[in-house]
Amino acid sequence: MPSASDILIDTLIAWDVEVIFGLPGDGINGIMEALRQRQDRVRFVQVRHEESAAFMASAYAKWTGKLGVCLATSGPGGTHLLTGLYDAKLDQAPVLAITGMQYHDLIETFTQQDVNLERAFEDVAQFNAQVTGPEHMENMASLACRSALARRGVAHLTIASDIQEQPLRDEMRSKRNKPRHEPNHWFQGRRIASLAEVERAVEILSNAKRVAILAGRGALGATDELQGIANLLGAPIVKALLGKAVVADDHPLTVGGIGLLGTLPAQEAMERCDALLIVGSTFPYIEYYPEPGQARAVQIDIDAQRIGLRYPVEAGLVGDARETLRLLNERLRRNPDRSFLTEAQEGMRRWREMMRQSEASDAVPLKPQRITRAFGLRMARDAVLTTDSGQNTEMAARHIDLADGASFGVSGALASMATGLPYAIAAGFAFPGRQLVSVVGDGGFAMQLGEFSTAVRYRLPLKVLVLKNNMLNQIAWEQMMFLGNPQFGCELQPIDFAMAAQAMGAAGFSISRPEEIDPVLDAAFATEGPVVIEALVDAYEPMLPPKMPPEFARNFRKALPETPNHERIEENLTREPLKTMMQIDNG
């Protein structure tokens with residue numbers, strides 16, 4: 001008879017799960033044996049840290065739209081999953097987390113690794129249960145898969161180690177628990193917005209003179225329809241960070257990203273629009289939206305709970321972005337006034353000229369913009385780009401242009417460090433054969449440095465650019481701009497990341513001067529398998545928003561005199577484009 005573990009893994013296979021990310025442990029030995037016996041049908045990817053397993057499951061779900069699965073042992077193995085699972089929760093990625101527990105009759109007796117994981121996962125999981133036996137597993141495994149997909153969040157099953165090996169016995173089944181009464185299928189219908197709301201949206205958008213579109217991750221898969229409505233309305237497309245791949249960065253209808261890492265024309269479009277169409281985004285920074293009352297708003301989202309979350313809307317279209325945009329495109333007429341779009345495009349041309357100034361600098365220490373731009377120019381058109389959370393995110397967002405067909409991944413609402421590498425590894429299993437590229441900082445990369453050996457083990461075609469400034473740079477600038485406090489506690493002990501890559505059996509390269517960029521990057525991209533490119537960059541290159549709020553400028557000037565090496569920061573601020581960016585404000 002099959003054991004509880006057999007039933008679990010067979011159910012996951014029936015649910016089309018192809019990859020499980022995890023780390024073995026004595027609390028999940030029964031599950032590991034079931035995986036060993038089925039390794040021809042489901043792949044177990046061994047990681048070096050359970051946190052990475054959860055990040056990979058989250059990223060895999062985002063990349064594919066399918067169920068991501070991670071596996072960890074009892075106690076600390078399970079608790080290590082939590083950060084990655086919060087990434088899935090906050091970015092609405094369907095993930096199933098499976099954990100072990102101690103022997104069922106020793107739970108809560110202060111035995112080894114006696115952590116109540118069901119209780120620990122209560123906040124992060126939308127579905128959260130302890131499995132009590134193989135008869136119970138028949139119901140719970142399928143329901144957990146269905147719940148994660150239906151609720152677009154985390155489901156968690158925890159199983160005592162001895163229960164995992166128990167065989168299914170009909171005499172142990174309750175009389176109400178009929179065998180095989182639950183299907184192992186995912187049922188999903190079309191989500192169509194109310195036609196009354198569609199007509200209301202048409203009225204709002206048709207009567208506006210200056211429409212801006214904010215597109216997020218929910219617009220992925222609706223690129224043609226999004227471009228169609230932008231062209232009809234003469235509306236510039238502003239992209240939330242998670243929506244970077246929705247429209248090619250060089251497309252004439254987009255003005256780039258929004259927010260602290262965004263572009264000036266994107267912010268100006270939001271400040272001047274009289275109507276706003278939000279497509280698949282709940283971009284969290286409310287201060288970058290139009291002022292309440294400035295613009296009439298229409299929002300498209302598959303989740304009704306998200307409608308009106310960031311900005312007051314008059315028409316809420318609950319449904320699939322592609323289907324809903326199609327309905328709008330059929331009903332809208334072309335706006336003959338293209339002035340708002342033309343002005344935004346001219347602003348984007350000027351912004352790109354500003355960015356090219358920093359990307360062309362021959363200064364030493366090396367400017368992070370220059371190496372990031374050169375790295376991005378070597379990417380394949382269908383490359384998968386990941387980044388971490390920090391100043392490296394700004395570099396990837398502003399200085400790497402994605403083409404049609406490229407994919408982009410980052411920790412969104414959680415904005416966790418140490419995600420760039422696990423996201424890229426997950427992409428290697430989601431998109432076999434595609435080029436994997438990652439831009440990370442030395443702070444985040446050091447947190448999961450051992451995970452690079454996972455990329456080596458599975459021979460992934462990964463190129464990692466490490467922007468090494470021996471500083472937690474984004475935190476340093478936030479201390480200064482947000483609060484007016486001098487930079488403190490952000491310096492990092494240097495690590496030779498190129499040597500570390502070589503120690504793991506991969507290739508490692510170092511760059512410290514502008515003349516080294518082209519030959520080293522050419523060699524790195526010509527090298528098969530995982531590669532680390534360590535670039536020693538200027539730690540005192542300020543991270544500035546596209547438009548400097550007066551409060552930020554005052555705080556920055558206040559913090560500078562007591563900040564270590566402030567003279568080097570001040571010297572950088574005399575150079576373009578930073579000099580001009582410091583003078584662009586809301587005052």
Side-chain angles (χ1 to χ4, degrees), residues 355-379 385 387-388 390-396 398-400 417 420-421 437-449 452 462-477 487 490-504 506-527 529-543 563-578:
M355 294 299 100
R356 296 297 174 262
Q357 287 179 290
S358 61
E359 294 164 0
S361 173
D362 285 329
V364 177
L366 194 65
K367 295 302 179 184
Q369 299 94 327
R370 175 157 184 185
I371 181 64
T372 304
R373 176 70 174 172
F375 181 79
L377 288 173
R378 287 164 170 80
M379 288 167 43
L385 170 66
T387 188
D388 217 327
Q391 190 177 27
N392 58 90
T393 323
E394 175 201 3
M395 293 299 110
R398 286 181 175 171
H399 301 283
I400 293 182
M417 294 174 68
L421 179 58
V437 289
S438 188
V439 177
V440 299
D442 47 356
F445 191 57
M447 288 181 174
Q448 293 282 4
L449 180 58
F452 186 73
L462 171 62
K463 306 295 179 280
V464 180
L465 173 64
V466 184
L467 299 176
K468 178 180 173 180
N469 49 31
N470 302 319
M471 181 83 75
L472 296 170
N473 239 22
Q474 181 171 337
I475 298 171
W477 302 122
Q487 176 268 311
C490 296
E491 299 89 349
L492 298 173
Q493 175 67 22
I495 296 173
D496 189 327
F497 294 105
M499 185 177 291
Q502 293 167 14
M504 296 183 207
F509 297 85
S510 295
I511 299 174
S512 60
R513 300 186 61 82
E515 62 268 21
E516 298 169 347
I517 292 176
D518 288 336
V520 172
L521 286 181
D522 287 344
F525 273 82
T527 302
V531 175
V532 166
I533 305 135
E534 175 191 272
L536 185 61
V537 299
D538 189 355
Y540 305 103
E541 181 76 3
M543 177 179 172
T563 292
N565 295 294
H566 63 88
E567 300 88 353
R568 296 177 64 178
I569 299 173
E570 291 168 345
E571 181 184 352
N572 279 331
L573 290 173
T574 65
R575 300 171 177 167
E576 294 294 351
L578 294 176

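Not measured: the values here are computed from a predicted model.
- In this model, a donor atom of one side chain and an acceptor atom of the other lie less than 3.5 Å apart for Glu541 and Gln369.
- With contacts defined as side-chain heavy-atom distances shorter than 4.5 Å, the pair Ser358/Lys367 does not qualify.
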Next item on the list: Decide yes or no on salt bridge (Lys or Arg N to Asp or Glu O under 4.0 Å) for Asp538 and Arg370, but give the supporting numbers first.
Entry: CA-CA 11 Å; Asp538 189 355; Arg370 175 157 184 185; over 6 Å; no
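- Minimum heavy-atom separation, Ala507 to Thr527: CB-CG2, 3.9 Å.
- Aromatic rings of Phe375 and Phe525 (six-membered ring for Trp) have centroids within the 6.0 Å cut-off, being under it.
- Looking at every heavy atom in both residues, Pro365 comes nearest to Val537 through CB-C, 4.3 Å.
- For the pair Val439 and Val464, the minimum side-chain heavy-atom distance is 4.5 Å or more.
- Note on Glu359 versus Arg356: salt bridge recorded, some NZ/NE/NH1/NH2 to OD/OE distance being below 4.0 Å.
- Between Gln391 and Asn469, some side-chain heavy-atom pair lies under the 4.5 Å cut-off.
- Side-chain atoms of Ser361 never come within 3.5 Å of backbone atoms of Gln357 as a donor-acceptor pair (strictly under, hydrogens ignored).
- Ser438 is not listed as a side-chain neighbour of Leu421, based on a closest heavy-atom distance of 4.5 Å or more.
- Between the CG atom in Leu385 and the CE atom in Met379 there is a gap of 5.0 Å [rounded to 0.5 Å].
- A distance of 13.0 Å separates CZ in Arg373 from CD1 in Ile517, rounded to the nearest 0.5 Å.
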Item checked: side chain to side chain contact (heavy atoms under 4.5 Å, CB included) between Gln448 and Val440, worked out -> CA-CA 11 Å; Gln448 293 282 4; Val440 299; over 6 Å; no
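- Judged by distance alone, the side chain of Glu516 and the main-chain N or O of Ser512 form a donor-acceptor pair under 3.5 Å.
- Distance check: Asn565 CG to Glu571 CD gives 11.5 Å after rounding to the nearest 0.5 Å.
- Using a cut-off of 4.0 Å between Lys/Arg side-chain N and Asp/Glu carboxylate O, Arg378 and Asp522 are scored as salt-bridged.
- The OG1 atom of Thr372 lies 9.0 Å from the CG atom of Leu366; values are rounded to the nearest 0.5 Å.
- Counting heavy atoms from C-beta outward, Trp477 and Ile569 have side chains that approach closer than 4.5 Å.
- The minimum heavy-atom distance linking Phe445 with Asp388 is given by the pair N-OD2, 4.1 Å.
- One finds the CE atom of Met395 at 12.5 Å from the CD1 atom of Ile371 (value rounded to the nearest 0.5 Å).
- Put simply, the side chain of Ile533 reaches to within 4.5 Å of the side chain of Leu521, judged on heavy atoms.
- For Met417 against Gly444, the heavy-atom pair with the smallest separation is CE-N, 3.5 Å.
- Side-chain atoms of Lys468 and Phe497, non-hydrogen and from C-beta on, do get closer than 4.5 Å to each other.
- Taking every heavy atom of both residues into account, Glu534 and Ala498 meet most closely at OE1-N, 3.8 Å.
- Distance check, rounded to the nearest 0.5 Å: CE of Met543 to OG1 of Thr393 gives 7.0 Å.
- Looking at heavy atoms from C-beta onward, Arg513 lies out of side-chain contact with Leu536 at the 4.5 angstrom threshold.
- The two residues Ala501 and Gly508 have their closest heavy-atom pair at CB-CA, 4.2 Å.
- Without hydrogens or angle criteria, Asp496 side chain to Met499 main chain gives a donor-acceptor distance under 3.5 Å.
- The backbone N or O of Tyr540 sits less than 3.5 Å from a side-chain atom of Asn572, completing a donor-acceptor pair.
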